[in-house]
A.B. asks: 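First the structure, which I've put down as C-alpha cells, then a few questions once you've had a look.
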There are 2 protein chains.
Amino acid sequence: MTKEMPPKIIIPADPEHQALRFNRVREAHQTETAEDYVELIADLIETQGEARVVDLATRFGVSHATVNKVILRLNREGLVVNKKYRSLFLTDEGRELAAKCRERHQVVTDFLKAIGVPDDIAELDAEGVEHHVSAETLKIFKAFTRKTRKIS
Amino acid sequence: MTKEMPPKIIIPADPEHQALRFNRVREAHQTETAEDYVELIADLIETQGEARVVDLATRFGVSHATVNKVILRLNREGLVVNKKYRSLFLTDEGRELAAKCRERHQVVTDFLKAIGVPDDIAELDAEGVEHHVSAETLKIFKAFTRKTRKIS
DNA sequence: CTCAAAGTGTAGCCATGGCAACAAATTTGA
DNA sequence: TCAAATTTGTTGCCATGGCTACACTTTGAG
Ligand SMILES: [Mn+2]
Ligand SMILES: [Mn+2]
Ligand SMILES: [Mn+2]
Ligand SMILES: [Mn+2]
C-alpha cells in the first residue's frame, strides 16, 4: 500500500483497480457482522432495557450458539463487555460504532424510501446495502432525501 | 417456517420481521461470490478470449489457490466447466447468471453516477451494493437514471 | 528441442459464522 | 422453597474463502 501514484489516472479495466474494488467488499464483510451486532445491542438496551443472547438470536434468526461465538469475537475486539450469564453491554468504542451504524442505516433507508421504494422493501435492502456505501455516497443520499422532503 | 400469518401486517420492530432482513443478507452473501466470478469470467472471455485462473486471481486480488477452490465449488454447482490446466468456461446457467449480474451491476453503477456520485466511487460502491438490491429497487434505479439522462 | 518460467493443482493451515447436542446457571411460579 | 423452564455456555461438527508451500503441467525462448 501507499506506493507512489503520481497523477492517479484510473483505468476502469485495469486489473489492479478491479482488485481494489473486491478488496473493499471483502473488508466490508469483515466489519458488517460487528456493525449489525453493536447496532442491535444498542437498540435492545434502549427499547428493552437490556440486550440478552436469546433476543439477539431471535432478531438475527440464528442459534444462540452462533450469537455466543460472535459475542466472543466482539469482546476480543473490544466492542462488547459480557459477564457470564449476564446481559450484554457495549464498550465506549462499541457505543460509538453503534451510533455511527444506526445513523448510516437510517440514511440509507430514508433515501430508498425517498426515491419511491416501498417501505418494507427499503428496509430489507438497506440491511445489506448500508455496509457498502461510502461516505461520499452517503452524503449524496442525505442531500437527496432532504431535497425530496422539502418538495413534498 | 410457513406458519399461518393471515393478514400479514408488518410491524417494523417485530423480531421475526427483523430476522427476515438478516436472513436475506446472509442469502446474498451465499450467492455473491458465484455472481462476481461468473461475471468476471464472462468479461474475460469476451475481452481476452479466455478466462484463466491467474487473471481471476489478479482481478479479485486473491491467490490462485483461492480461485481454484472457488472454481471447484462453482463447478460442483453447475456454473463453470473446467478441464485440468485449461482455461475456464461457463455453463449455460453460468452464462445466464453472468448476463443478469452484469446488467444489474451496470444499473447500480449508472444510478449512483446519475445521482452525482463520482465515477470512481460509484464503481467501488456498486461492487458491494449490487448484491443487496431487490428487483423492485433496481426498477426504480433504472427509471431514475433514464429520467435523469433525458434531462441532461 | 529443451528446459526454465509461467500457470495450475493440491494439501494443509486459519478465521468466520452457521448448526445440534449437551452441560450449567439463572429465573420463575406453584 | 425448590423444581421446572428458560437462558446461557461449550463442544464439536460443517462450509466458505482466505493463505503458503510444494508438486505438476504447459508454454515459449533460445
Ligand atoms: Mn444495520
Ligand atoms: Mn446490516
Ligand atoms: Mn459485479
Ligand atoms: Mn460484486
Side-chain angles (χ1 to χ4, degrees), chain A residues 15 19-41 44 48-89 127-128 131, chain B residues 1 15 19-38 40-41 44-45 48-77 79-89 127-128 131:
Chain A
L20 281 185
R21 283 194 344 227
F22 292 110
N23 265 308
R24 191 156 161 284
V25 175
R26 282 192 294 271
E27 273 166 35
H29 287 161
Q30 281 298 314
T31 50
E32 79 178 81
T33 302
E35 293 175 345
D36 287 337
Y37 268 71
V38 296
E39 188 185 348
L40 185 47
I41 290 171
L44 285 173
Q48 314 292 309
E50 61 178 0
R52 294 161 55 248
V53 169
V54 67
D55 294 323
L56 287 174
T58 305
R59 305 294 236 266
F60 282 126
V62 300
S63 74
H64 80 277
T66 296
V67 171
N68 244 300
K69 201 178 287 189
V70 173
I71 291 300
L72 237 63
R73 173 162 86 84
L74 301 186
N75 178 290
R76 191 181 356 119
E77 291 176 358
L79 294 169
V80 167
V81 182
N82 58 323
K83 281 192 289 197
K84 273 199 167 191
Y85 298 101
R86 293 295 158 205
S87 71
L88 307 168
F89 297 92
E127 192 61 74
H131 308 280
Chain B
M1 292 297 106
L20 281 185
R21 286 199 336 232
F22 291 111
N23 266 308
R24 191 157 161 285
V25 175
R26 282 192 295 271
E27 275 167 34
H29 287 163
Q30 281 298 312
T31 50
E32 77 181 274
T33 301
E35 292 175 345
D36 287 336
Y37 268 71
V38 296
L40 185 47
I41 290 171
L44 285 173
I45 289 175
Q48 314 292 309
E50 59 178 0
R52 308 159 57 77
V53 170
V54 67
D55 295 322
L56 287 174
T58 306
R59 306 292 235 269
F60 282 126
V62 299
S63 72
H64 80 276
T66 297
V67 171
N68 243 298
K69 201 178 285 189
V70 173
I71 291 300
L72 236 64
R73 173 163 86 84
L74 300 186
N75 177 291
R76 188 175 5 111
E77 291 175 357
L79 294 169
V80 167
V81 182
N82 60 321
K83 282 192 289 196
K84 272 200 167 190
Y85 299 101
R86 292 297 159 201
S87 71
L88 308 167
F89 296 92
E127 192 60 73
H131 308 281

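Residue numbers begin at 1 in each chain, while the letters A, B, ... track the order of the sequences. Both backbone and side-chain heavy atoms feed into the values below; hydrogens, waters and symmetry mates do not.
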A.B. asks: Is the shortest side-chain N/O distance from B/R76 to OP1 or OP2 of D/dT16 below 4.0 Å?
C.D. replies: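 True: B/R76 side-chain N/O within range (under 4.0 Å) of D/dT16 OP1/OP2.
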A.B. asks: Side chain of B/K69 only, please: which of D/dT11, C/dG9, C/dG12 is the nearest?
C.D. replies: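 Looking only at heavy atoms from C-beta outward on B/K69, the closest nucleotide is C/dG12.
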A.B. asks: Between C/dA25, D/dT16, C/dG9, which nucleotide has the shortest distance from any of its atoms to the side chain of A/Y85?
C.D. replies: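 For A/Y85, the side-chain atoms sit closest to C/dA25.
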A.B. asks: Within a strict 4.5 Å, meaning less than it, do heavy atoms of the A/L44 and A/R59 side chains meet?
C.D. replies: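 Yes, their side chains come closer than 4.5 Å.
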A.B. asks: Within the 4.5 Å heavy-atom criterion, are A/R24 and B/E127 side-chain neighbours or not?
C.D. replies: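 Heavy-atom side-chain distance check fails, nothing below 4.5 Å.
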A.B. asks: Using atom CZ of A/F22 as one end and atom P of D/dG18 as the other, report the distance to the nearest whole Å.
C.D. replies: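 Taking atom P of D/dG18 as the reference, CZ of A/F22 is at 11 Å.
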A.B. asks: Looking at D/dT8, C/dT8, C/dC19, which one has an atom nearest to any side-chain atom of A/V62?
C.D. replies: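 Looking only at heavy atoms from C-beta outward on A/V62, the closest nucleotide is C/dC19.
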A.B. asks: Quick check for you: among D/dT8, C/dT10, C/dG18, whose closest atom lies nearest to any side-chain atom of A/V54?
C.D. replies: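 Closest nucleotide to the A/V54 side chain: D/dT8.
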A.B. asks: Does a nitrogen or oxygen in the side chain of A/N68 sit under 4.0 Å from OP1 or OP2 of D/dT8?
C.D. replies: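 Answer no for this pair, as no side-chain N or O of A/N68 is under 4.0 Å from OP1 or OP2.
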A.B. asks: So if I take every side-chain heavy atom of A/R52 and compare against C/dA25, C/dC19, D/dT7, which nucleotide ends up nearest?
C.D. replies: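 My answer, after comparing the listed nucleotides, is D/dT7.
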A.B. asks: Is A/K84 near enough to D/dT10 that one of its side-chain N or O atoms lies under 4.0 angstrom from OP1 or OP2?
C.D. replies: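 Checking D/dT10 against A/K84, a side-chain N or O does come within under 4.0 Å of OP1 or OP2.
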A.B. asks: Using a cut-off of strictly less than 4.0 Å, decide whether B/S63 has a side-chain nitrogen or oxygen near OP1 or OP2 of D/dC19.
C.D. replies: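 Checking B/S63 against D/dC19: at least one side-chain N or O falls below 4.0 Å of OP1 or OP2.
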A.B. asks: Take atom CG of A/N23 and atom C1' of D/dG18, then tell me their distance rounded to the nearest Å.
C.D. replies: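 Answer to the nearest Å: 11 Å.
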A.B. asks: Find the distance B/E35:CD to D/dG17:C1' and express it as a whole number of Å.
C.D. replies: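 Distance check: B/E35 CD to D/dG17 C1' gives 16 Å.
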A.B. asks: Using whole Å, what does the distance between atom C1' of nucleotide D/dT16 and atom NE2 of A/H29 come to?
C.D. replies: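 Spelled out: NE2 on A/H29 to C1' on D/dT16 is 13 Å.
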A.B. asks: Between A/E27 (CD) and D/dG18 (P), how many Å, whole number?
C.D. replies: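 Rounded to whole Å, this separation is 12 Å.
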A.B. asks: Looking only at heavy atoms, which two atoms of B/A34 and B/L79 are closest? And how far apart?
C.D. replies: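 Result for this residue pair: CB-CD1, 4.0 Å.
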A.B. asks: When you measure from the side chain of B/T58 to the backbone of B/V54, do you find a donor-acceptor pair of N or O atoms at a distance under 3.5 Å?
C.D. replies: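 Checking the backbone N and O of B/V54 against the side chain of B/T58, a donor-acceptor pair under 3.5 Å is found.
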A.B. asks: Report the distance from atom CG of B/N75 to atom P of C/dT8, rounded to the nearest whole Å.
C.D. replies: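 The distance from CG of B/N75 to P of C/dT8 comes to 16 Å, rounded to the nearest Å.
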A.B. asks: Of the options D/dT27, C/dG18, D/dT10, whose atoms approach the side-chain atoms of B/R26 most closely?
C.D. replies: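 Minimum distance to the B/R26 side chain belongs to C/dG18.
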A.B. asks: Of all the nucleotides listed (D/dT10, C/dT16, D/dG17), which has the minimum atom distance to the side chain of A/E77?
C.D. replies: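 Out of D/dT10, C/dT16, D/dG17, the nucleotide with an atom closest to A/E77's side chain is C/dT16.
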A.B. asks: Rounded to whole Å, please give me the gap between CZ in A/R73 and C1' in C/dC14.
C.D. replies: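 Result: 14 Å.
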A.B. asks: Fit a plane to each ring of B/F22 and A/F60, take the angle between them on a 0 to 90° scale, and name the class: parallel (under 30°), tilted (30 to 60°) or perpendicular (over 60°).
C.D. replies: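 B/F22 and A/F60: perpendicular rings.
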A.B. asks: Is there a stack between A/H64 and D/dT7, judged by ring centres under 5.5 Å and planes under 30°?
C.D. replies: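 Not stacked by the 5.5 Å and 30° rule.
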A.B. asks: Expressed in angstrom and rounded to an integer, what is the separation of B/I71 atom CD1 from D/dG17 atom C1'?
C.D. replies: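 Roughly 13 Å, once rounded to whole Å.
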